[in-house]
Amino acid sequence: MLRAATREAISAAAEIVRSGGLVAFPTETVYGLGANALDAFAAAKIFEAKARPTFDPLIVHIADDAMLRLVVDEPIPPLARRAMQRFWPGPLTLVLPKNSRVPDLITAGLSTVAVRIPAHRVAHALVMHAGVPIAAPSANPFGALSPTCAEHVQATLGDRVACILDDGPTPFGIESTILAFLPEPTILRPGAIAREAIEEALGCNVAVVSIATSTPSVPGQLPQHYAPRIPLRIVDPASVAPEDRRRAGLLAFRDDVPGYGASRILSPSGNLPEAAAQLFAHLHDLESSDIDRIDAQEIPEVGLGVAIMDRLRRASIKS
Ligand code: AMP
Ligand code: MG
């Protein structure tokens, strides 16, 4: 059920979370599918609704330092503390030592837990009202495009969830950056906070685990992910023969290319945050257009361009 995210709706959703149910809600990244992170039975409903494999751990959303102490154990690396001060509340997820209160299902049996304080008004109020940490992956079927508005959730998981809090499109439109300390700070998933900003805040280099180098020992880093229902390839659209454009859709960075059956521009001014915010909405539009394939143009791999290209590469891998 879609509900405008008023105070009443948020407290009703919080009550659902407290009683072990599932709710969908907006965050500053994408819409999340949430359940009480301290209740394994509630969390199991997330995996069931998304058809998500249980080896793929969930991110736990907290409201404050007291909740942090509930889900993580010392030692918290000093660099993690610095990252929290700089980026929380906000779209940076930190992988930290797990407290035994957190069910193994949430962390896929790992000794660490992924955690963040969301900056979105609705997400933060929901966690506060629920009074428990909320485990929430994106509110979409596993492997499919992430939802950046309530209608995306309604279309795919509408019958799976008691309540969808609607607060319009999400501001960042791309998932959080996931940072682990191995012990060197390492980005496990590029996302809404650029590596450059993290390096500046931490005062050191930050490594990135790319698709090519990621091993099965890092769970959830599945190469194929974020995929539309039709094939997607990364290609220079100018090099595509005009007769091959007609039945295809174009996802362009700045400029349209004539002859495509459908086209979406990520950012006419070449603004990478704007491009990231539009990415999934445009892919949702294209996958439901009358076309057979999506041609995605390459994006400059700096700043948020790294996260965008990560999503496009995973979307382009054939299952
Ligand atoms: P999401 O699907 O947006 O909820 O993101 C969850 C992703 O976070 C997983 O697919 C993993 O890649 C990552 N993750 C969660 N928990 C951990 C952890 N304890 N260690 C490493 N990566 C994690
Ligand atoms: Mg997801």
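Just so it is clear, the model here is predicted, and its values are computed rather than measured. When a ligand or atom number is given, it counts from 1 through the structure's own listing order.
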Fill in: Those atoms of ligand 1 less than 4.0 Å from some heavy atom in Leu188
21 (C), 22 (N)
Worksheet entry | Ile59 and Val115, any side-chain heavy atoms less than 4.5 Å apart | no
Worksheet entry | Side-chain hydrophobic cluster, 4.5 Å single linkage: members besides Val240 | Val235, Leu250, Val257, Tyr260
Worksheet, complete the sentence: Quick note on ligand 1: atoms under 4.0 Å from a heavy atom of Leu110 include exactly 18 (C), 19 (N), 20 (N)
Practice prompt. Check whether any N or O atom of Thr112, backbone or side chain, sits under 3.5 Å from an N or O atom of ligand 1, and answer yes or no.
Written response: yes
Practice prompt. May I ask you to say whether Asp73 pairs ionically with Lys98, meaning some side-chain N is under 4.0 Å from a carboxylate O?
Written response: no
Worksheet item: Are Arg264 and Asp285 within salt-bridge range, i.e. N to O under 4.0 Å?
Response: yes
Worksheet entry | N, O or S from Ser138 under 2.8 Å to the Mg ion (ligand 2) | yes
Fill in: Residue pair Pro133 / His61, side-chain heavy-atom distance below 4.5 Å
no
Practice prompt. Can you figure out which of Asp56, Leu58, Thr186, Val60 has its heavy atom closest to atom 10 (O) of ligand 1?
Written response: Asp56
Worksheet, complete the sentence: Note: ligand 1 atoms sitting under 4.0 Å from heavy atoms of Ile178 are 7 (C), 8 (O), 13 (C)
Worksheet item: Which part of Arg52 is near ligand 1, with near meaning a heavy atom under 4.0 Å away: side chain, backbone, both or neither?
Response: side chain
Item to complete: Check if Thr107 has a non-hydrogen atom at a distance under 4.0 Å from any atom of ligand 1.
Response: no
Worksheet item: Does an N or O anywhere in Arg189 fall below 3.5 Å from an N or O of ligand 1?
Response: yes
Worksheet item: Do Arg245 and Asp292 meet the salt-bridge criterion of a basic N to acidic O distance under 4.0 Å?
Response: no
Worksheet item: Ion pair present between Glu274 and Arg254, side-chain N to carboxylate O less than 4.0 angstrom?
Response: no
